[in-house]
> 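The structure follows.
Throughout, a chain's letter reflects where its sequence line sits, starting with A, and its residues are numbered from 1.
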Amino acid sequence: MNELETIRHSAAHVLATALLELWPEAQFAAGPPVEQGFYYDVDLPHRVSPEDFPKIEAVVSRILSEKQPFVREVISRDDAQAMAERGELAALAPRPTPSVFKLDILKGIPEGETITLYRNAAFTDLCAGPHVADTGKIGAFKLTHVASAYYKGDEKNPQLQRIYGTAFATQAEMDAHFAMLEEAKKRDHRKLGKELQLFTFDEDVGPGLPLWLPKGTVLIEELEKLAKETEFAAGYQRVRTPHIAREKLYKTSGHLPYYAESMFPPMELKEDADDKEPVRYYLKAMNCPHHHKLFAAVPRSYRDLPLRFAEYGACYRYEQSGELFGLMRVRAMQMNDAHIYCTAEQFASEFRAVNEMYLKYFKIFGIEKYRMRFSTHDPAKLGQKYVDEPELWKKTEEMVRNVLVETGVDFVEVPNEGAFYGPKIDVQVWSAIGREFTLATNQVDFAVPARFGLEFTTSGNTKETPLCIHRAPLGTHERFIGFLIEHFAGDFPLWLAPEQVRILPVNPECNAEAEALAAELRGKSIRAAVDGSRDKLGAKIRLAQVEKTPYMVVLGKNEVANRQLSVRSRKHGDLGVIDRAAFFSRIESEISERAL
RNA sequence: GCCGCUUUAGCUCAGGGGUAGAGCGACAGUUUUGUAAACUGUUGGUCGUCGGUUCGAAUCCGACAAGCGGCUCCA
């Protein structure tokens, strides 16, 4: 635990102390530091609301000024048990009801581990520490919000009130923190998406089903263009598949038992007048089964491998209503999907090439803060959460790990997070407000191709099942664009900007000339528009700046007379007078290089 | 899905048991404009939906919906 975390963890104890002064019956579970501060989970009949915060903070502030020392005490398991039973843990004094959560936590502490208490004034808590020397070391304290959380994160456990706060060594650091949060809110993709008219949601269409406005659609199409170029160069072939399929397909793939909860309920229809049982069709939640059918459609030889099928596939997932989150978590998505069918010998180089594609994309977008997460299986759950192929799991995990190590990418390995059909690598990023998301994914599949009976003829004229790599380096349009909006704060690089050039006639007499220039730019596939309003130039510039247009062209009688352009860049201000050809070639190369 | 909170004009938000208000926007007129906001006027809302209490509900109560903060889950 670093210094700040120690301060925050101590702050959680102070919060508990204050809550107990107000509600002595409070039962506490866990109170750790987190990225932005800390929380303490509490079970309390009184519903704590932000209206209670001043009252709680007043008590906290008194405790901080009292500089209560934190005292560590080693205690035997039996004594700790006895104290918990008397309700003395996470309490100011013995109570009629036992400290139930602390009893449970105590049970989880391995035999032989030192058990410690921390006390500040009358408050005693079961705690591994460490803590600051005294409560006076917590220089700034503030409660932020209250939410609910299942005990130990399990839906079957009772819901507790999770009271969030933050703490710093000094008030100045806390002020800086809140100032930063304010800035982050300004780049929230939900806010910018509305302001910049990129996308919208409508109740009649349905929750989690984004509607893409023209400007957002530009972003989609530019990303697809990038993906198509990149995949074409890497030897992928494009395919197209329908959005629905019969139930049988997902029975074959094995998705239904694992995944039915996350799929929209099926449509049922009688395909034949004398059908007794209706046929069920599902909206596809993933593209792989369809692609497997394309592999199976033609006899395949080892000479055809690796075979790489790419599709921006539309998928529909019935995400739980409480999980929907702007564009980051939706129910309809367009996935930068591809499936690579290869032999075991080809696997490592294919997997490495996929990894390199990821890194190439990150460079184009200037994505620097990300984490590769390598998810493996848990041997204890073979046959339930994971297909029962212990040898293949071991072998493929080894191959993936080797590629990661050889490439020299930083990664963390997480056990028991793999897909049911194989290990995977997820790329984790963070939204403006600090929520973590999987942006892209790269998965190994050694199970489903066999379920589909996929095979190719080997050089020895035998049949073999290919390995499959599922990869989506650009994730889904929805999440990727949600991320990009925040990453660029809506200020997209020229190649992505929905409106690249806005022409600003100084007065309406120049409107016709401006329209002609816009048409000329559009002829060069440059997205240009004219502000033909009667606003003064300053107002037109302000509007273009606010709407984050990368280039503005001021057109007055001087420019019309000498066939030149007054160019202004959103980022760098007035660039002065440039002749037309120079301006065209400047933006054309900036676009084709996809410059940042 | 669960817990809590929110929902007033296109947007941001004020108000509040006697049928609503600001700024911005949009529209119109005047101004003929030169690198981040000209002026005036007009428009605009069954106060999320449905039900209840009340002489009267946008306001109080309930249900539902959507959104927000989390939990669980995932691209």
Side-chain angles (χ1 to χ4, degrees), chain A residues 34 39 41 47-51 144-164 188 190-191 194-195 197 200-208 259 261-262 285-287 313 315 317-331 333-337 417 419 424 426-429 433 435-443 470-480 482-483 504-510 533-546 552-559 566-570 573-576:
Chain A
V34 289
Y39 65 78
D41 282 345
R47 287 273 156 214
V48 177
S49 84
E51 284 164 26
T144 53
H145 55 289
V146 69
S148 102
Y150 298 105
Y151 178 56
K152 286 185 172 171
D154 190 331
E155 274 179 284
K156 292 178 203 80
N157 286 337
Q159 281 201 320
L160 306 174
Q161 301 187 65
R162 177 165 292 182
I163 302 174
Y164 282 88
D188 191 313
R190 295 166 295 185
K191 182 176 155 69
K194 187 179 258 179
E195 286 172 1
Q197 298 190 6
T200 187
F201 289 92
D202 185 281
E203 225 176 286
D204 291 346
V205 175
Y259 216 85
E261 288 278 290
S262 303
M286 65 290 295
N287 303 301
C315 294
R317 295 184 183 173
Y318 191 75
E319 302 292 351
Q320 297 184 62
S321 58
E323 265 315 303
L324 301 174
F325 180 74
L327 283 183
M328 298 299 219
R329 194 71 182 277
V330 293
R331 286 179 173 164
M333 67 213 87
Q334 304 162 70
M335 202 183 292
N336 171 227
D337 217 350
E417 290 284 330
K424 63 176 182 178
D426 290 319
V427 180
Q428 303 300 114
V429 295
I433 55 169
R435 196 184 290 203
E436 185 176 351
F437 284 97
T438 300
L439 189 65
T441 186
N442 184 2
Q443 312 181 346
H470 306 236
R471 40 108 284 174
L474 297 177
T476 62
H477 280 322
E478 287 68 21
R479 189 172 288 179
F480 203 80
F483 171 79
L504 312 178
V506 173
N507 66 57
E509 283 162 32
C510 306
S533 72
R534 295 184 308 172
D535 284 336
K536 290 165 89 167
L537 183 60
K540 291 182 181 184
I541 287 173
R542 181 180 172 276
L543 188 66
Q545 289 280 145
V546 167
M552 287 151 259
V553 171
V554 175
L555 205 66
K557 43 182 187 299
N558 302 337
E559 288 81 3
S566 247
V567 179
R568 185 189 161 96
S569 135
R570 174 176 142 79
D574 194 350
L575 300 180

> Under 4.0 Å between any heavy atoms, over every strand shown, what does G322(A) touch: base, sugar-phosphate, or nothing? Just pick one.
base
> Just to be sure I understand the rule, does S321(A) reach a base, reach only the sugar-phosphate, or reach nothing, if contact means heavy atoms closer than 4.0 Å?
base
> Partner lookup for A36(B), please. Criteria are Watson-Crick or G-U wobble with both distances under 3.5 angstrom; report none if nothing qualifies.
none
> Go ahead and name the base partner of C5(B); Watson-Crick or wobble counts if both distances stay under 3.5 Å, otherwise write none.
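Because both required distances fall under 3.5 Å, C5(B) counts as paired with G67(B).
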> How close or far is atom P of A36(B) from atom CG of L537(A), stated in whole angstroms?
8 Å
> Quick check: does any side chain N or O of R317(A) sit under 3.5 Å from a backbone N or O of A285(A), one acting as donor and the other as acceptor?
yes
> Nearest heavy atom decides the nucleotide; on that basis, is R47(A) or Y259(A) closer to the 5' end of RNA chain B?
R47(A)
> What I want to check is whether an N or O donor and acceptor connect the side chain of Q159(A) with the base of C71(B) at under 3.5 Å.
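Checked by distance alone, the answer is no.
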> Suppose you measure atom C1' in C2(B) against the same atom in G23(B); what distance do you get, rounded to whole Å?
40 Å
> At under 4.0 Å, does any side-chain N or O of S148(A) touch on OP1 or OP2 of C71(B)?
no
> Scan F437(A) against the nucleic acid and name what it touches under 4.0 Å (heavy atoms): base, sugar-phosphate only, or nothing.
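Answer is nothing: F437(A) stays at 4.0 Å or more from every strand.
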> Measure from the side-chain N and O atoms of R479(A) to the backbone N and O of L439(A), and report whether any donor-acceptor pair falls under 3.5 Å.
no
> Rounded to the nearest angstrom, tell me the gap between atom CD in Q320(A) and atom P in A66(B).
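About 14 Å, once rounded to whole Å.
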> Between C68(B) and A22(B), how far apart are the two C1' atoms, rounded to whole Å?
25 Å
> From C-beta outward on E319(A), which listed nucleotide comes closest to its side chain: U12(B), G69(B), C73(B)?
C73(B)
> Using a heavy-atom cut-off of under 4.0 Å over every strand shown, decide if A147(A) touches base, sugar-phosphate, or nothing.
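Since a base atom lies under 4.0 Å of A147(A), the category is base.
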> Under a 3.5 Å limit for both distances, which nucleotide forms a Watson-Crick or G-U wobble pair with G23(B), could you say?
C11(B)
> Could you check how far CG of L439(A) sits from C1' of C74(B), rounded to whole Å?
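To the nearest whole Å, that distance equals 13 Å.
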> Of the options A75(B), U33(B), C68(B), whose atoms approach the side-chain atoms of R190(A) most closely?
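In terms of side-chain proximity for R190(A), the closest of A75(B), U33(B), C68(B) is C68(B).
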> May I ask you to say what V48(A) touches in the nucleic acid, namely base, sugar-phosphate or nothing, with a heavy-atom cut-off under 4.0 Å?
nothing
> Give L543(A) one of three labels, base, sugar-phosphate or nothing, depending on what nucleic acid heavy atoms sit under 4.0 Å from its own.
nothing
> In terms of side-chain heavy atoms of P508(A), which of U33(B), C71(B), G34(B) is nearest?
U33(B)
> Take the protein atom CZ of R162(A) and the nucleotide atom P of G70(B), then report the distance between them rounded to whole Å.
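These atoms are roughly 11 Å apart.
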> Taking atom C1' in both A20(B) and A63(B), compute the distance separating them and give it to the nearest angstrom.
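Taking atom C1' in both A20(B) and A63(B), they lie 26 Å apart.
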> For the P atoms, the ones on C5(B) and on C47(B), what distance do you get once it is rounded to whole angstrom?
24 Å
> Taking atom types as they are modelled, would you say the side chain of Y150(A) forms a donor-acceptor pair with the base of G1(B) within the 3.5 Å cutoff?
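Check passes, donor-acceptor contact within cut-off.
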> Using a heavy-atom cut-off of under 4.0 Å over every strand shown, decide if S566(A) touches base, sugar-phosphate, or nothing.
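It contacts base atoms.
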> R329(A) side chain N/O closer than 4.0 Å to the phosphate oxygens (OP1, OP2) of C68(B)?
no
> Is there a donor-acceptor pair closer than 3.5 Å between any side-chain N or O of R471(A) and the backbone N or O of N336(A)?
yes
> Whole Å only: how far is the CG atom of N157(A) from the P atom of C71(B)?
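Between P of C71(B) and CG of N157(A): 15 Å.
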> Give the nucleotide from the list U35(B), C74(B), G1(B) with an atom nearest to the side chain of R568(A).
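The answer is U35(B), which lies nearest to the side chain.
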> When you measure from the side chain of I541(A), which nucleotide among A75(B), A36(B), G69(B) comes out closest?
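Selected nucleotide (nearest to the side chain): A36(B).
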> Give a yes or no on whether the backbone of Y164(A) and the side-chain of T144(A) come within a donor-acceptor separation of less than 3.5 Å.
yes
> Please determine whether a side-chain nitrogen or oxygen atom of Q443(A) lies at a distance below 4.0 Å from atom OP1 or OP2 of A75(B).
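Yes, Q443(A) has a side-chain N/O under 4.0 Å of OP1/OP2 on A75(B).
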> How is A440(A) classified with respect to the nucleic acid when contacts are heavy atoms under 4.0 Å: base, sugar-phosphate, or nothing?
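The residue A440(A) makes sugar-phosphate contact but no base contact.
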> Please report the distance separating the P of G1(B) from the corresponding atom of A14(B), rounded so that it comes out in whole Å.
29 Å
> Nearest-Å distance, NZ (K540(A)) to P (A37(B))?
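The distance from NZ of K540(A) to P of A37(B) comes to 14 Å, rounded to the nearest Å.
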> Can a donor-acceptor pair be found, under 3.5 Å and without considering hydrogens, that links the side chain of Q161(A) to the backbone of V48(A)?
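Yes.
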> Which part of the nucleic acid, if any, lies within reach of R479(A) when heavy atoms closer than 4.0 Å are counted: base, sugar-phosphate only, or nothing?
base
> Tell me whether D426(A) contacts the main-chain N or O of Q428(A) through its side chain, where contact means a donor paired with an acceptor under 3.5 Å.
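The answer is no, because no donor-acceptor pair under 3.5 Å joins these two groups.
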> I'd like the P distance from G52(B) over to A66(B), given in whole Å.
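Comparing P positions in A66(B) and G52(B) gives a spacing of 23 Å.
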> Please give the distance between the C1' atoms of G69(B) and C50(B) as a whole number of Å.
27 Å
> Side chain of K540(A), backbone of S533(A): donor and acceptor closer than 3.5 Å?
yes
> How long is the line joining CD of E203(A) and P of G48(B), in whole Å?
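Distance check: E203(A) CD to G48(B) P gives 12 Å.
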> Looking at E436(A), I'd like to know if its CD atom is crowded, meaning that more than 12 non-hydrogen atoms belonging to other residues, nucleotides or ligands lie closer than 6.0 Å.
yes
> Please check the phosphate of A75(B) (OP1 and OP2 only) for any side-chain N or O of K424(A) closer than 4.0 Å.
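Yes, because at least one side-chain N or O of K424(A) sits under 4.0 Å from OP1 or OP2 of A75(B).
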> Does R162(A) reach the main-chain N or O of S148(A) with its side chain, forming a donor-acceptor pair under 3.5 Å?
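A pair under 3.5 Å: no.
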> If you pin V546(A) and Y164(A) to their nearest nucleotides in RNA chain B, which one's is more 5'?
V546(A)
> Base, sugar-phosphate or nothing for T441(A)? Non-hydrogen atoms, less than 4.0 Å.
sugar-phosphate
> Which nucleotide wins on minimum distance to the side chain of R534(A), given the candidates U30(B), A66(B), A36(B)?
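Ranking U30(B), A66(B), A36(B) by closest atom to the R534(A) side chain puts U30(B) first.
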> Looking at R190(A) and D188(A), is there a salt bridge between them, counting it only when a charged N and a carboxylate O are closer than 4.0 Å?
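Salt bridge between D188(A) and R190(A), a charged N being under 4.0 Å from a carboxylate O: yes.
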> Which of the following nucleotides, A75(B), C71(B), G69(B), is nearest to the side chain of T476(A)?
A75(B)
> Once you apply the 3.5 Å cut-off to both distances, tell me the Watson-Crick or G-U wobble partner of C50(B), or none.
G62(B)
> Taking atom C1' of A75(B) as reference, at what distance in whole Å does atom CD of Q428(A) sit?
10 Å
> Just call it for G556(A): base, sugar-phosphate, or nothing, with non-hydrogen atoms closer than 4.0 Å on any strand.
base
> U31(B) pairs with which nucleotide, Watson-Crick or G-U wobble, both distances below 3.5 Å?
none
> Any base atoms under 4.0 Å from N336(A), or only sugar-phosphate, or nothing? Heavy atoms, all strands.
nothing
> For U12(B) versus G25(B), give the span between their C1' atoms, rounded off to a whole number of Å.
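Rounded to whole Å, the distance is 11 Å.
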> Using the side-chain heavy atoms of M333(A), tell me which of these nucleotides is nearest: A36(B), A75(B), G1(B).
A75(B)
> Regarding A539(A), tell me which of base, sugar-phosphate or nothing describes its non-hydrogen contacts under 4.0 Å with the strands shown.
sugar-phosphate
> Tell me if the side-chain of E559(A) makes a donor-acceptor pair with the base of G34(B), cut-off 3.5 Å, by modelled atom types.
yes
> Just call it for P50(A): base, sugar-phosphate, or nothing, with non-hydrogen atoms closer than 4.0 Å on any strand.
nothing
> Identify the nucleotide, in any strand shown, that forms a Watson-Crick or G-U wobble pair with A57(B), with both distances under 3.5 Å; if there is none, say none.
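Result: none.
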